[in-house]
2 protein chains.
Amino acid sequence: MKSIDSALLTDLYQLTMLQGYYEQGMDETAVFEFFVRDLPPERGFLLAAGLEQVLQYLEGLCFTREELDYLKETGRFSDAFLDSLAALRFTGDVHAMPEGTPFFANEPILRVVAPMPQAQLMESRVINLLHYQTLVASKAARCVLAAPGKLLVDFGMRRAHAGEAGLLAARASYLAGFDGSSTVLAAPAFGVPIYGTMAHSFVQAHDLEAAAFEHFAHAQPDNVVLLIDTYDTEAAAQKVVELAARLQGINIKAVRLDSGDLFDHARQVRAILDAGGLRQTRLFCSGNLDEYQLQAFIKNDVPMDGFGVGTLMDTSADVPYLDCAYKLQEYAGIARRKHSEGKETWPGRKQVYRRYAEDGVMSADIVTLEDDVQEGRPLIRPVMRDGRRVQPPPALSESRDYAQREFESLPGELKRLEEHRYRVEIATVLKQLAHDVDLQQH
Amino acid sequence: MKSIDSALLTDLYQLTMLQGYYEQGMDETAVFEFFVRDLPPERGFLLAAGLEQVLQYLEGLCFTREELDYLKETGRFSDAFLDSLAALRFTGDVHAMPEGTPFFANEPILRVVAPMPQAQLMESRVINLLHYQTLVASKAARCVLAAPGKLLVDFGMRRAHAGEAGLLAARASYLAGFDGSSTVLAAPAFGVPIYGTMAHSFVQAHDLEAAAFEHFAHAQPDNVVLLIDTYDTEAAAQKVVELAARLQGINIKAVRLDSGDLFDHARQVRAILDAGGLRQTRLFCSGNLDEYQLQAFIKNDVPMDGFGVGTLMDTSADVPYLDCAYKLQEYAGIARRKHSEGKETWPGRKQVYRRYAEDGVMSADIVTLEDDVQEGRPLIRPVMRDGRRVQPPPALSESRDYAQREFESLPGELKRLEEHRYRVEIATVLKQLAHDVDLQQH
């Protein structure tokens with residue numbers, strides 16, 4: 001019961017509300033949508049991610065006997081209500097944007113149509129799953145756009161916010177175009193390629209740095225990547241050249257830098273390796289990198305071949321959360337709208353159409369009602385019907401390829417990570433519905 | 001195998017290094033310490049948290065057959081090495097500061113003394129667990145100091161970075177002095193008291209807001225907290241007064257505000273409730289709150305009785321990560337030191353002594369070597385010996401009480417959340433050892 005897969009990983013108010021719905025017999029169809037209210041200036045677009053984990057959560061959603069016993073012990077719930085919870089499974093429909101789709105403010109990326117108790121209960125975990133992967137995928141996409149053609153590896157698990165974030169960051173960054181992750185579990189869990197070298201402790205544990213390098217090369221002959229900044233970076237680069245001459249049939253694939261002025265060290269180390277005949281040995285670095293740092297490496301033509309991006313991506317440090325919500329849009333066939341100050345929502349079941357210019361570049365999105373067919377490419381598709389998937393989940397690598405193709409149609413400002421507001425129109429029918437709902441509500 | 005409890009939730013380099021150590025027979029005793037290199041200006045002190053999860057991790061650390069088979073399939077590891085992994089358990093010693101202890105830069109809060117492969121392997125997950133809970137407990141402690149005597153509830157699970165963070169944030173904030181959390185699972189998992197009311201969707205799903213209030217009151221008669229900002233806050237407060245007159249024997253415990261100018265709404269709603277005879281009905285609010293907001297409520301004498309603190313705490317939004325590390329300090333009886341530029345470490349096994357002024361306020365900390373006994377209170381204690389706990393884990397509520405007592409001895413500047421650098425001295429013996437190690441190393 002104490003695992004995060006428990007149905008009790010939810011907010012208490014979901015259960016108190018469900019008891020209220022139960023007592024009033026309010027189990028008619030509810031429509032909820034997940035969207036981001038506003039984009040921060042540091043994010044010109046977001047990348048949809050986390051849908052697959054949401055669908056898995058819905059497929060497995062149920063309360064165990066142990067969980068129900070715990071709820072009973074709290075004394076907050078009636079036996080009849082708990083019996084209804086025991087029978088609860090997800091039997092609704094889900095529409096969503098595919099993972100890897102760029103999206104913008106006020107565009108739903110997930111719509112749930114289900115009996116009210118089901119659609120309500122899932123709110124907390126659905127936000128939790130969609131928010132985090134979208135946050136990281138959006139940050140990772142910026143790194144990918146900033147450093148085309150470079151090897152990018154997620155290094156962030158240790159400072160990600162606890163274990164699931166570390167694991168899902170590996171998935172979300174790979175989806176966005178990273179080459180892989182250092183997190184081992186991401187390979188069996190999601191098929192993410194894994195990368196790894198050595199830590200400073202390996203060098204420190206040896207009396208001689210050169211001995212550490214040699215031992216590592218023999219232990220991992222197919223993957224010799226040596227960390228050269230433990231004591232003196234350039235002196236270590238020279239030791240690498242000397243080691244290469246002694247190694248029979250083992251290539252030194254790369255060296256890694258992790259501290260100091262990386263531009264300067266990269267140039268010096270490159271020169272030392274080239275002079276020593278190690279032109280094929282790649283340079284890889286890590287240490288507080290993000291998309292702005294990567295842009296600077298490219299702009300300054302620093303001879304760096306790959307980057308380990310960690311903490312700043314896995315915590316999305318400049319934008320550590322999104323202003324997202326999962327809101328009721330319709331109940332019992334009637335459109336609903338919250339209009340708390342500053343938090344108004346657009347009511348009804350919505351679709352997003354994306355329009356393109358002749359050169360294939362995205363020109364504008366229209367948010368409208370589902371049945372108001374518009375020009376353009378509809379982004380929201382059915383993924384689950386009556387609690388079952390409409391089709392098997394795509395391989396993560398397919399979603400990754402799809403995201404890469406989507407990036408090609410981004411406006412130049414967004415590809416260059418400039419501050420830019422992409423045009424999102426709210427269709428007339430939607431504004432009219434919001435107006436009508438306001439007149440009726442109280 | 002795909003659960004975050006897997007031993008594979010680690011960085012690949014731990015395993016490649018372990019193979020290196022294995023082949024060289026390097027299994028002598030290693031000493032690693034976890035510390036934070038530097039405190040950001042927004043954090044005058046940190047609160048140690050996460051030790052209990054680290055000890056549980058160490059008690060359970062092992063590779064399953066399935067995990068070993070996966071590692072074999074990767075083709076990266078020798079059979080002999082994998083056999084050694086199959087036998088790996090944690091058999092070392094752990095010293096640590098108790099959870100709930102305030103600490104500062106360069107002070108180790110955890111020391112591991114174990115055969116190198118064990119002490120190395122655990123690095124990634126140990127950082128992952130200590131970093132996040134310390135991050136949240138430190139933020140939560142600031143909220144507690146900012147709003148003495150107010151009800152504080154963690155609301156942040158949905159926007160925490162995935163599930164484990166949401167769950168552990170409930171624990172860490174309770175440890176720091178919060179009254180509880182909205183996350184249900186935190187109650188059976190950690191004994192954290194849980195709190196919950198209703199969401200906007202509950203109001204929206206009803207045709208009339210007043211009917212939603214009435215239904216909720218009957219469904220949760222012992223815990224009637226009504227959300228009053230869905231449409232018009234003051235109009236809803238008036239409906240609450242009217243409802244109270246109709247409810248027989250059910251008290252309206254509180255109303256919750258979640259949007260708009262909360263200072264202004266609080267004063268108006270308080271006046272409406274008081275005029276309607278509901279002086280005992282408390283005011284509770286939520287919506288992008290942090291310690292600075294709480295300070296402003298107190299300073300402006302706003303009639304608010306409790307606060308739901310969510311996203312900004314669970315993501316530690318102003319400081320979303322700490323510059324922390326788990327570093328080798330000694331191997332095979334010889335002190336070790338990394339001196340990568342800007343990332344130098346203090347070598348050896350350390351202790352921290354805390355000194356107090358006559359009025360009981362902390363005056364300075366001294367970081368020194370374990371065997372250099374100093375004046376003051378030693379903060380680091382044995383918690384695990386030969387892989388077993390020295391004593392049973394304290395109840396979380398005991399650690400919470402301890403933290404509250406610790407807050408009493410904080411300097412006034414830190415209690416008031418002012419920018420302040422508490423004095424941490426590095427003892428002469430430690431500087432001398434660092435110097436000696438530098439002379440020997442290369």
Side-chain angles (χ1 to χ4, degrees), chain A residues 1-2 4 6 8-13 16-17 19-20 23-24 70 124 127-128 131-132 157-159 161-168 182 184-185 188-189 194 196-202 204-205 215-216 219-220 229-231 259-260 311 315 317 320-321 328 331 336 338 340-343, chain B residues 1-2 4 6 8-13 16-17 19-20 23-24 70 124 127-128 131-132 157-159 161-168 182 184-185 188-189 194 196-202 204-205 215-216 219-220 229-230 259-260 311 315 317 320-321 328 331 336 338 340-343 442:
Chain A
M1 175 162 71
K2 292 169 188 181
I4 55 171
S6 166
L8 298 185
L9 187 65
T10 189
D11 288 299
L12 179 60
Y13 78 5
T16 57
M17 285 191 284
Q19 170 140 316
E23 293 188 1
Q24 298 300 323
Y70 166 74
S124 308
I127 294 177
N128 176 265
H131 170 260
Y132 180 64
M157 188 273 271
R158 62 186 57 197
R159 292 211 199 95
H161 290 181
E164 194 180 32
L167 182 61
L168 291 177
S182 63
V184 181
L185 189 56
I194 50 174
T197 61
M198 61 166 72
H200 296 102
S201 51
F202 190 83
Q204 291 172 271
H215 291 163
F216 190 85
Q220 293 282 324
D229 77 322
T230 305
Y231 306 117
S259 58
T311 306
T315 66
Y321 65 92
L328 182 67
Y331 178 66
R336 311 278 166 161
K338 167 181 175 182
S340 310
E341 298 158 54
K343 294 184 174 179
Chain B
M1 175 163 70
K2 291 168 187 182
I4 54 170
S6 166
L8 298 185
L9 187 64
T10 190
D11 288 298
L12 179 59
Y13 78 3
T16 55
M17 284 191 286
Q19 170 139 317
E23 294 188 1
Q24 300 300 323
Y70 166 73
S124 308
I127 295 177
N128 177 265
H131 171 259
Y132 180 63
M157 189 272 273
R158 62 186 57 197
R159 293 211 197 95
H161 290 181
E164 194 181 31
L167 181 60
L168 291 178
S182 63
V184 181
L185 188 56
I194 50 174
T197 61
M198 61 166 70
H200 296 102
S201 51
F202 190 83
Q204 291 171 272
H215 291 162
F216 190 83
Q220 293 283 323
D229 77 322
T230 307
S259 57
T311 305
T315 66
Y321 65 92
L328 181 68
Y331 178 64
R336 311 278 166 162
K338 168 180 173 182
S340 310
E341 297 158 55
K343 294 184 175 178
H442 271 282

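Residue numbers start from 1 in every chain, and the chains themselves are labelled A, B, ... in the order their sequence lines are given, proteins ahead of strands.
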What part of [X] gets within 4.5 angstrom of chain B, counting heavy atoms only: side chain, backbone, both, or neither?
X	answer
A:Ser124	both
A:Tyr331	side chain
A:Leu9	both
A:Phe202	both
A:Gln19	both
A:His131	side chain

TODO: Pick one of side chain, backbone, both or neither for B:Thr311, based on which atoms fall under 4.5 Å of a heavy atom in chain A.
DONE: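 When you check distances to chain A, only side chain atoms of B:Thr311 fall under 4.5 Å.
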
Task: Side chain / backbone / both / neither for B:Tyr132 at chain A, heavy atoms under 4.5 Å - done: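 The side chain, not the backbone.
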
TODO: To the nearest 0.5 angstrom, please state how far the CZ atom of B:Phe216 sits from the CD atom of A:Glu23.
DONE: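 These two atoms lie 10.5 Å from each other.
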
Task: Interatomic distance, A:Leu8 atom CG to A:Leu12 atom CG [nearest 0.5 angstrom] - done: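 Those atoms lie 10.5 Å apart.
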
- [ ] For residues A:Met157 and B:Ile127, determine if any side-chain heavy atom of one lies less than 4.5 Å from a side-chain heavy atom of the other.
- [x]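 Of all side-chain heavy-atom pairs linking B:Ile127 with A:Met157, none is under 4.5 Å.
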
Task: Heavy-atom side-chain proximity of A:His161 to B:Leu168 below 4.5 angstrom - done: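 Result no, sub-4.5 Å side-chain heavy-atom pair not found.
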
- [ ] Could you give me the CA-CA distance, side-chain angles and deciding distance for B:His200 and B:Asp229, then say whether side-chain contact (heavy atoms from CB on, under 4.5 Å) is met?
- [x] CA-CA 8 Å; B:His200 296 102; B:Asp229 77 322; 2.7 Å; yes

Open item on the list: With chain B as the partner, which of A:Ile194, A:Thr315, A:Thr16, A:Leu167 has the greatest number of non-hydrogen pairs under 4.5 Å?
Closed with: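 Heavy-atom pair counts peak at A:Thr16.
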
Open item on the list: Please rank B:Gly196, B:Ser201, B:Ala189, B:Gly20 by heavy-atom pairs under 4.5 Å with chain A and give me the top one.
Closed with: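 Looking at each option in turn, the highest pair count goes to B:Ser201.
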
TODO: Using modelled atom types only, decide if a donor and an acceptor are shared between the side chain of B:Arg336 and the backbone of A:Gln204 within a distance under 3.5 Å.
DONE: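 Checking the backbone N and O of A:Gln204 against the side chain of B:Arg336, a donor-acceptor pair under 3.5 Å is found.
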
Task: Main-chain N/O of A:Ala162 paired to B:Asn128 side chain as donor or acceptor, under 3.5 Å - done: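 Confirmed, B:Asn128 side chain pairs with A:Ala162 backbone.
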
